[in-house]
Amino acid sequence: MSDNNAEMGLPIEVGQQVPNVSFPVRIEQDGEIVWGSLNTTEEFAGKRVILFGLPGAFTPTCSSQQVPGFEGNYKKFQALGIDEIYCLSVNDCFAMKEWRSNLQIENIVFLPDGNGEFTHKFGAEVRKSNLGFGMRSWRYACILNDGKVEKMFIEDGFEDNCESDPFEISNAETVMQYLGNQEG
């Protein structure tokens, strides 16, 4: 698979660079809140990070298990060589900010992929029309090293309008187990 397959919306593979996408975000500048952007190439450069994608802000499994699992183990992940943890969802920056605040998250950077551009180019885009969600991200976690995929944890059953919401391998425990085995 060539390096530009991710740019075409095909599933990204280990060793590939993640798509170069800029997310519109709200930032403080000179005491005012203004529009800014967070760019994946710049943000992931020179770091070993965890990125996890999920179907939506304020959804049950995402809010009660996936996000809290990564937040609660943040220091353990740092001890295993992780610099940052990122949560990505096809939601706008306002929803992501409110969700982060609601969950009282302090350590995870939330990435608002409101247009689904990163999700599409990453190869994780699925229709969730059966739930009234439109286009969303399939649930996954991955380890990125300097912006390249080191390891993927993609839930089984990847398909449009999936009747279930699998959450077996994109959880904090599975990612931590992989990292722990790399240490030994």
Side-chain angles (χ1 to χ4, degrees), residues 6 12 14 16-27 36-93 95-114 116-119 121-124 136-155 165-183:
I12 198 164
V14 170
Q16 286 185 299
Q17 190 75 29
V18 297
N20 180 18
V21 173
S22 291
F23 301 104
V25 294
R26 302 290 280 166
I27 59 171
S37 72
L38 190 150
N39 177 270
T40 55
T41 300
E42 295 168 7
E43 188 68 20
F44 301 147
K47 298 185 219 174
R48 189 173 187 216
V49 305
I50 295 169
L51 168 67
F52 63 96
L54 42 77
F58 294 101
T59 56
T61 302
C62 305
S63 296
S64 68
Q65 297 178 53
Q66 195 169 19
V67 173
F70 283 99
E71 174 75 8
N73 287 294
Y74 183 76
K75 291 193 184 312
K76 291 178 183 176
F77 281 120
Q78 283 186 312
L80 292 169
I82 295 298
D83 297 306
E84 296 284 346
I85 300 175
Y86 297 85
C87 170
L88 183 136
S89 184
V90 180
N91 290 107
D92 64 67
C93 65
M96 292 293 279
K97 180 182 183 299
E98 189 62 28
W99 186 40
R100 187 176 190 270
S101 176
N102 181 273
L103 292 177
Q104 301 177 352
I105 300 301
E106 297 178 7
N107 300 303
I108 298 172
V109 177
F110 277 36
L111 299 176
D113 191 18
E117 180 182 1
F118 183 90
T119 298
K121 291 178 177 179
F122 195 76
R136 293 296 177 113
S137 175
W138 187 252
R139 192 181 303 280
Y140 67 87
C142 62
I143 298 170
L144 307 178
N145 200 334
D146 195 26
K148 288 187 178 178
V149 177
E150 174 184 321
K151 178 71 174 170
M152 290 292 298
F153 305 88
I154 303 169
E155 294 297 338
D165 182 24
F167 182 57
E168 301 293 325
I169 63 169
S170 62
N171 57 48
E173 295 76 18
T174 301
V175 176
M176 194 175 315
Q177 182 178 13
Y178 166 80
L179 289 167
N181 289 340
Q182 299 303 298
E183 294 285 305

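All values reported here derive from a predicted model rather than from experimental measurement.
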Undergrad: Got Glu43 and Leu51 here, is their nearest side-chain heavy-atom distance under 4.5 Å?
TA: no
Undergrad: Give, for atom OG of Ser89 and atom CG of Asp113, the distance between the pair rounded to the nearest 0.5 Å.
TA: 8.0 Å
Undergrad: Report yes if the side chains of Trp138 and Pro166 come closer than 4.5 Å at any heavy-atom pair, otherwise no.
TA: yes
Undergrad: Let me confirm one number: the OH-CD distance from Tyr74 to Glu84, rounded to the nearest 0.5 Å.
TA: 4.5 Å
Undergrad: Quick one: OG1 on Thr40 to CD on Gln17, what's the gap to the nearest 0.5 Å?
TA: 8.5 Å
Undergrad: side-chain contact (heavy atoms from CB on, under 4.5 Å) between Lys76 and Leu179: does it pass, once the steps are laid out?
TA: CA-CA 10 Å; Lys76 291 178 183 176; Leu179 289 167; over 6 Å; no
Undergrad: Is the number of heavy atoms from other residues, nucleotides or ligands under 6.0 Å of Lys47 NZ greater than 12?
TA: yes
Undergrad: Where is the tightest heavy-atom contact between Ala57 and Ala95, given as atom of each residue plus distance?
TA: CB-O, 4.5 Å
Undergrad: What distance do Ile85 atom CD1 and Phe77 atom CZ have between them, rounded to the nearest 0.5 Å?
TA: 5.5 Å
Undergrad: As an exercise, state the distance from NZ of Lys151 to CD1 of Ile50, rounded to the nearest 0.5 Å.
TA: 13.5 Å
Undergrad: Quick one: does Asn102's side chain get under 4.5 Å of Phe58's, heavy atoms only?
TA: yes
Undergrad: Would you check, one step at a time, whether the test side-chain contact (heavy atoms from CB on, under 4.5 Å) holds for Val175 with Ile82?
TA: CA-CA 11 Å; Val175 176; Ile82 295 298; over 6 Å; no
Undergrad: Applying ring pair (Phe, Tyr, Trp, His ring centres under 6.0 Å), name anything that partners Phe44, two or more places apart in sequence or on another chain.
TA: Tyr86
Undergrad: Answer yes or no: does atom CD of Gln78 have more than 12 heavy-atom neighbours from other residues, nucleotides or ligands under 6.0 Å?
TA: yes
Undergrad: With sequence neighbours excluded, what pairs up with Ser63 under the side chain to side chain donor-acceptor pair (under 3.5 Å) test?
TA: Trp99
Undergrad: Can you tell me which residue among Glu155, Glu168, Gln66 is in a side-chain hydrogen bond (donor to acceptor under 3.5 Å, both in side chains) with Arg139?
TA: Gln66
Undergrad: Could you list the residues that satisfy side chain to side chain contact (heavy atoms under 4.5 Å, CB included) with Ser64, not counting sequence neighbours?
TA: none
Undergrad: Taking side chain to side chain contact (heavy atoms under 4.5 Å, CB included) as the test, write out the residues that go with Glu42, two or more places apart.
TA: Asn39
Undergrad: Minimum heavy-atom separation for Pro55 to Cys62, with atom names?
TA: CD-SG, 3.6 Å
Undergrad: For Gln65, what residues pass the side chain to side chain contact (heavy atoms under 4.5 Å, CB included) criterion, not counting sequence neighbours?
TA: Thr61, Phe167
Undergrad: Between Phe110 and Lys97, does a side-chain contact (heavy atoms from CB on, under 4.5 Å) hold up when you go through it step by step?
TA: CA-CA 8 Å; Phe110 277 36; Lys97 180 182 183 299; over 6 Å; no
Undergrad: How many angstroms lie between CZ in Arg100 and CD in Glu71, if you round to the nearest 0.5 Å?
TA: 7.5 Å
Undergrad: Is Asp83 reaching over with its side chain to a backbone N or O of Arg48, donor-acceptor style, under 3.5 angstrom?
TA: yes
Undergrad: One pair to check against side-chain contact (heavy atoms from CB on, under 4.5 Å): Ile105 and Val67. What are the steps and the verdict?
TA: CA-CA 8 Å; Ile105 300 301; Val67 173; 3.5 Å; yes
Undergrad: Which heavy-atom pair separates Pro19 from Ile12 by the least distance, and what is that distance?
TA: CD-CD1, 4.2 Å
Undergrad: Can you find a heavy atom in the side chain of Cys93 that is under 4.5 Å from one in the side chain of Pro24?
TA: no
Undergrad: Please report, to 0.1 Å, the donor-acceptor pairs under 3.5 Å made by any side chain of residues 142-149, with sequence neighbours excluded.
TA:
{"from": "Asp146", "atom 1": "OD1", "to": "Gly46", "atom 2": "N", "distance (Å)": "2.6"}

Undergrad: State which residue, out of Phe153, Phe52, Phe122, fulfils the ring-ring contact (aromatic ring centres under 6.0 Å, His included) condition with Tyr140.
TA: Phe122
Undergrad: Between Leu54 and Cys87, what is the shortest heavy-atom contact and its length?
TA: CD2-SG, 3.8 Å
Undergrad: Is the closest side-chain heavy-atom distance between Met176 and Asn171 below 4.5 Å?
TA: no
